[in-house]
Visitor: 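I have a structure here, written as structure tokens, and I will follow up with some questions on it.
Numbers here are sequence positions counted from 1.
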Amino acid sequence: MLHPRARTMLLLAIPALIIGIVSSLVLIVVMKVASVLQTMLWTALPAQVGISVDSPAWIIMMLTLTGVAVGLVIRFSPGHAGPDPALEPLIGAPVAPAALPGLIIALIIGLAGGVSLGPEHPIMAVNIGLAVYLGSRILPRVGALDWTILASAGTIGALFGTPVAAALIFSQTLSSNNDVPLWDKLFAPLMAAAAGALTTSLFFNPHFSLSLPHYGQMQIADIFSGAVVVAIAIALGMIAVWCLPRLHRLVHKLKHPVLILGVGGLILGILGAIGGKVTLFKGLDEMQQLAFSQVFSVSDYLLFALIKLAALVVAAACGFRGGRIFPAVFVGVALGLMLHEHVDAVPAAITVSCSILGLILVVTRDAWLSLFMAAVVVPDTTLIPLLCIVMLPAWLLLAGKPMMMAWRNDK
């Protein structure tokens, strides 16, 4: 009844479904535990001791202690809680199973403590490590690369609550040929991504979209405005690209992870005291506060963008376990709102979406993911043609430029 090609695709269908569900459950458990711990540290505990949660002293103390705690986990856990995220792409090589518990603990502490990194990189590493370790024993004829692809697709679907991002990302990484069509290769990853997204939706819906005024019909002037906004975002992001490897080399001269992360936590605390509590944590809930608030000025938005970007660089350079995409979205939102407030003739939908596109493009160097994040945060279909057009000069600006990663010979 089925063509051999169809039977080949169905071979991985059940494992893909299981991996997608498990990938989502790992994310959900980690985020729930981190949320409970965050409530204890930032709501219950300061209330008990009679200190305001917005107090600079409390912010500095909490971030410093968070750095020390993460440093202790990395120092004493097997495998040093996985590889340094500053040296790794989003989808990397499988991590040894012994390092995964320490990696999860370090991630939870960082998320709850207010570190300006997201969960995407450690969650991806954990899910890939589990899939490769267990999958190679259950179905040894399936290669490690296939398990890696399924786990990363399931994680992407779980993170963003939709399989669309996984389809876009893997459409460019799974190159096709005349014998094996692209959608044959995408079948199992999309199955995993859909399972991950649907499982996540049973427990919570990732809330990325902002409530911004609707953008009307595209005008020629809007293309130029959007291109300028993207260029500004790229210029700001490239400053972070330049700083990250140099700061990484500098702080790792301290050698000991507890000292490195303790100093990093202190710096993050000082930055958080300057920028306020809105510049802490991974940034998704906080960017909603920026969009809904009516009290922030141009200088406030600029301060938030610069502080968050600096905190992202410091956290990544010091070795906190976390990803760079979510805080980069916050920087894009703050920068976009600042540019709109400064030149209100340019709609906020353009400034915010184009800022996000530029920042995510710098951080990931993935055009599809950049377009996806811009379109998800500002969900206005009339913007999609404009975003596709301004992507072209943005890609030219970044061609051949270094990635936002540290140099491997630093350590």
Side-chain angles (χ1 to χ4, degrees), residues 42 52-64 66-67 113-118 210-212 228-244 247 264-318 320 322 324-344 346 348-360 362-363 377-378 404:
W42 292 92
S52 171
V53 72
D54 297 314
S55 167
W58 182 261
I59 293 175
I60 292 172
M61 183 187 72
M62 284 304 308
L63 267 299
T64 303
T66 297
V115 175
S116 292
L117 291 174
L210 300 179
S211 180
L212 298 176
V228 170
V229 171
V230 169
I232 293 172
I234 288 175
L236 185 62
M238 289 307 295
I239 295 174
V241 170
W242 186 90
C243 292
L244 176 59
L247 182 59
L266 174 61
I267 298 172
L268 290 177
I270 295 172
L271 290 172
I274 297 171
K277 192 167 175 282
V278 74
T279 60
L280 304 180
F281 307 103
K282 63 182 181 292
L284 291 188
D285 295 333
E286 290 72 25
M287 76 182 189
Q288 300 289 338
Q289 299 176 32
L290 298 187
F292 282 109
S293 176
Q294 303 295 322
V295 300
F296 297 131
S297 63
V298 171
S299 58
D300 291 329
Y301 288 126
L302 179 60
L303 176 67
F304 297 152
L306 295 178
I307 290 293
K308 190 70 171 182
L309 189 62
L312 166 58
V313 171
V314 171
C318 292
F320 283 96
R324 299 185 283 273
I325 295 176
F326 288 1
V329 172
F330 176 96
V331 176
V333 171
L335 178 63
L337 292 173
M338 184 275 290
L339 293 173
H340 170 67
E341 289 292 324
H342 185 61
V343 184
D344 58 4
V346 182
I350 291 178
T351 59
V352 172
S353 62
C354 290
S355 293
I356 293 171
L357 186 148
L359 264 300
I360 299 301
V362 169
V363 170
V377 176
V378 188
M404 192 176 184

Visitor: Quick one: ring pair (Phe, Tyr, Trp, His ring centres under 6.0 Å) partners of Tyr301, sequence neighbours excluded?
Guide: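 Tyr301 satisfies ring pair (Phe, Tyr, Trp, His ring centres under 6.0 Å) with Phe296 once adjacent residues are dropped.
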Visitor: So do Leu309 and Ile239 actually touch side chain to side chain, heavy atoms under 4.5 Å?
Guide: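 The answer is no, as the side chains (C-beta and beyond) never meet within the 4.5 Å cut-off.
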Visitor: Considering all heavy atoms of both residues, which atom of Ala328 and which atom of Val363 are nearest to each other, and what is their separation?
Guide: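 Nearest pair, atom of Ala328 first, then Val363: CB-CG2, 3.8 Å.
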Visitor: Can you find a heavy atom in the side chain of Ile274 that is under 4.5 Å from one in the side chain of Leu303?
Guide: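 They are in contact (side-chain heavy atoms under 4.5 Å apart), so the answer is yes.
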Visitor: Can you measure from NZ (Lys308) to CZ (Phe281) and round to the nearest 0.5 angstrom?
Guide: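 Lys308 atom NZ to Phe281 atom CZ measures 9.0 Å (nearest 0.5 Å).
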Visitor: How close do Ala315 and Ser116 get, heavy atom to heavy atom, and via which atoms?
Guide: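 Scanning both residues completely, I find the closest heavy atoms to be CB-O, 4.5 Å.
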Visitor: Evaluate side chain to side chain contact (heavy atoms under 4.5 Å, CB included) for Met404 paired with Val313, printing each intermediate quantity in order.
Guide: CA-CA 9 Å; Met404 192 176 184; Val313 171; 4.3 Å; yes
Visitor: If every non-hydrogen atom of Ile325 is compared with every non-hydrogen atom of Ile360, which pair is closest and at what distance?
Guide: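 That closest heavy-atom pairing would be O-CD1, 3.7 Å.
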Visitor: Checking side-chain contact (heavy atoms from CB on, under 4.5 Å) between Met287 and each of Val331, Val329, Val278, which is the one that passes?
Guide: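 Of the listed residues Val331, Val329, Val278, the side-chain contact (heavy atoms from CB on, under 4.5 Å) partner of Met287 is Val329.
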Visitor: For the residue pair Val352 and Met338, establish whether any side-chain heavy-atom pair is separated by less than 4.5 Å.
Guide: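 The answer is no, as the side chains (C-beta and beyond) never meet within the 4.5 Å cut-off.
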Visitor: Under the rule for side-chain contact (heavy atoms from CB on, under 4.5 Å), what residues qualify as partners of Ser353, not counting sequence neighbours?
Guide: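 side-chain contact (heavy atoms from CB on, under 4.5 Å) check on Ser353 returns Ala374, Val378, Leu383, Leu387.
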Visitor: Is there side-chain contact between Leu63 and Val115, with heavy atoms separated by less than 4.5 Å?
Guide: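 With C-beta onward as the side chain, the pair touches.
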Visitor: Could you grab the distance from atom OG of Ser52 to atom NZ of Lys277, nearest 0.5 Å is fine?
Guide: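 These two atoms lie 10.0 Å from each other.
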Visitor: Where do Ile59 and Gly269 come nearest, in terms of heavy atoms and distance?
Guide: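 Smallest interatomic distance, heavy atoms only, reads CG2-O, 3.7 Å.
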Visitor: In the structure I gave you, are the side-chain heavy atoms of Leu117 and Phe326 within less than 4.5 Å of one another anywhere?
Guide: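 When only atoms from C-beta onward are counted, Phe326 and Leu117 do not touch, as no gap falls below 4.5 Å.
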Visitor: Taking all non-hydrogen atoms of both residues, which atom of Asp300 and which atom of Val295 are closest, and how far apart?
Guide: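 Where Asp300 meets Val295 most closely, the heavy atoms are OD2-O, 4.1 Å.
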Visitor: If every non-hydrogen atom of Ala233 is compared with every non-hydrogen atom of Cys354, which pair is closest and at what distance?
Guide: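 Closest approach of Ala233 to Cys354: CB-O, 4.5 Å.
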Visitor: So how far is it from Leu335 CG to Leu306 CG, rounded to the nearest 0.5 Å?
Guide: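 Leu335 atom CG to Leu306 atom CG measures 8.5 Å (nearest 0.5 Å).
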Visitor: Contact between Trp242 and Leu247 at the side-chain level, heavy atoms closer than 4.5 Å - yes or no?
Guide: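 They are not in side-chain contact.
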Visitor: I need the Thr64 OG1 to Leu266 CG distance, nearest 0.5 Å.
Guide: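 Spacing of OG1 (Thr64) from CG (Leu266) equals 4.5 Å.
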Visitor: Would a 4.5 Å heavy-atom cut-off, applied to side chains only, mark Ser211 and Phe292 as touching?
Guide: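 Result yes, sub-4.5 Å side-chain heavy-atom pair found.
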Visitor: Looking at CG of Leu268 and CZ of Phe320, how far apart are the two atoms once the value is rounded to the nearest 0.5 Å?
Guide: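 Taking CG in Leu268 and CZ in Phe320, the distance rounds to 5.5 Å.
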Visitor: Taking only residues at least two apart or on different chains, which pairs with a member in residues 278-288 satisfy side chain to side chain donor-acceptor pair (under 3.5 Å)?
Guide: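 Sorted result for residues 278-288: empty, none.
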Visitor: Taking side-chain contact (heavy atoms from CB on, under 4.5 Å) as the definition, give me every residue that meets it alongside Ala273, ordered by chain and number, with sequence neighbours left out.
Guide: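 Ala273 satisfies side-chain contact (heavy atoms from CB on, under 4.5 Å) with Pro56, Ile60 once adjacent residues are dropped.
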Visitor: Spell out, as yes or no, whether a donor-acceptor pair under 3.5 Å connects the side chain of Arg324 to the backbone of Gly118.
Guide: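 The answer is no, because no donor-acceptor pair under 3.5 Å joins these two groups.
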Visitor: For Ser299, check side-chain contact (heavy atoms from CB on, under 4.5 Å) against everything at least two apart and list the hits.
Guide: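 Checked Ser299 against side-chain contact (heavy atoms from CB on, under 4.5 Å); matches are Ser297.
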Visitor: Holding to side-chain contact (heavy atoms from CB on, under 4.5 Å), I want the full list of residues that pass it with Thr351, two or more places apart in sequence or in another chain.
Guide: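 Here the qualifying residues are Val229, Leu339, His340, Val346, Ala348.
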Visitor: Do Leu280 and Trp42 touch side chain to side chain, with heavy atoms closer than 4.5 Å?
Guide: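 The answer is yes; the side chains approach within 4.5 Å.
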Visitor: Please report the interatomic distance CZ(Phe330) to CG(Leu284), rounded to the nearest 0.5 Å.
Guide: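 Rounded to the nearest 0.5 Å, the CZ-CG separation comes out at 10.5 Å.
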